[in-house]
Amino acid sequence: MRSIILDCDPGHDDAVAMLLAWGSPVIDLVAVTTVFGNQTLDRVTRNALGVAAVAGIHGIPFAAGADRPLVRELATAGDFHGESGLDGPELPAASVALDPRHAAQLIIDLVMAAPTGTITLVPTAALTNIALAARLEPRIVPRVREVVLMGGGYGGGNWTAAAEFNILADPEAAHIVFGAGWPVTMAGLDVTHRALATPDVVADIVALGTPVARFVDELMGFFRESYRSHQGFEHPPVHDAVAVAYVADPAVLTVRRAPVSIELTGTHTLGMTLADLRGPAPDGTTTSIATGIDVPRFWALVTDAIARIR
Ligand SMILES: [Ca+2]
């Protein structure tokens with residue numbers, strides 16, 4: 001069993017990541033925290049609580065965190081995820097109350113209370129909350145088992161030619177998180193662009209016949225149209241679920257250790273995750289990048305987890 005804190009900005013693919021984390025028999029979801037990103041903080045937090053209501057997620061804290069980047073101006077992905085940040089399905093009213101703590105404080109409290117090396121942080125959004133937590137309480141860094149994040153890419157970006165959205169949303173926070181010294185595994189566009197919700201995959205989920213399966217179908221319907229009109233994808237990539245899947249089953253991804261630097265000053269490359277792939281990683285390298293994905297294995301995990309939510 002792997003204990004994770006999911007730090008997210010739902011977001012269609014974040015919603016699937018939440019469902020995978022909740023339904024997976026090998027993941028213990030201990031908290032969900034939210035950060036600005038796909039939409040404003042209030043909207044993505046509302047969405048996280050709405051997904052929790054759909055899936056019956058209960059007994060764990062939900063906390064809202066940063067409403068803006070550390071340094072840069074706030075930018076959201078409303079074009080992609082719609083006005084609500086989770087357009088498509090109708091969301092029920094929240095069934096759980098928001099924890100009063102800031103997400104960074106909740107992360108600190110949970111990591112400090114758990115045995116060393118047991119909690120994995122899974123950020124699937126801007127890294128602002130994680131950076132704030134590491135700065136506010138540096139003792140969490142050696143206590144966290146690892147950070148497995150969706151973001152970046154060594155082969156190029158999506159928001160710019162060089163940068164992926166989550167990293168570009170707060171590059172200074174990414175710099176802090178990648179350089180903190182805890183193990184970081186980056187599941188970037190190189191692999192998440194292959195985790196496509198094809199009609200076959202969606203049909204397998206719909207065949208489950210549950211309300212959660214119908215919810216995923218509606219999510220993917222909206223997301224497919226967004227990806228078609230904005231980025232020319234035939235099927236939408238379910239980025240964030242890949243990070244959770246890797247924690248559930250490391251065989252989903254092929255990873256290699258490599259130094260990763262976040263570009264903070266580039267004229268054309270702000271927010272780029274520059275991976276140094278020249279030869280073996282030097283001793284002391286704490287960052288790894290995902291270079292391959294077993295797509296059928298990934299979808300089997302997602303579908304199985306959704307099937308378990310009833
Ligand atoms: Ca996300």
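As the structure lists them, so they are numbered: ligands from 1, and atoms in each ligand from 1.
- Ile60 places a side-chain heavy atom less than 4.5 Å from the side chain of Leu29.
- One side chain, Glu263 or Thr265, offers a donor N or O that lies under 3.5 Å from an acceptor on the other.
- Aromatic rings of His193 and Phe233 (six-membered ring for Trp) have centroids within the 6.0 Å cut-off, being under it.
- Within a radius of less than 3.0 Å around the Ca ion (ligand 1), the protein N, O or S atoms are Asp9 OD1, Asp14 OD1, Asp14 OD2, Thr124 O, Asp240 OD2.
- Between Arg72 and Asp170, no side-chain nitrogen of the basic residue sits less than 4.0 Å from a carboxylate oxygen of the acidic one, so the salt-bridge criterion is not met.
- Residues Asp240 and Val244 fail the side-chain proximity criterion, which asks for heavy atoms closer than 4.5 Å.
- Ring geometry for Trp159 versus Phe80: interplanar angle of 30 to 60°, hence tilted.
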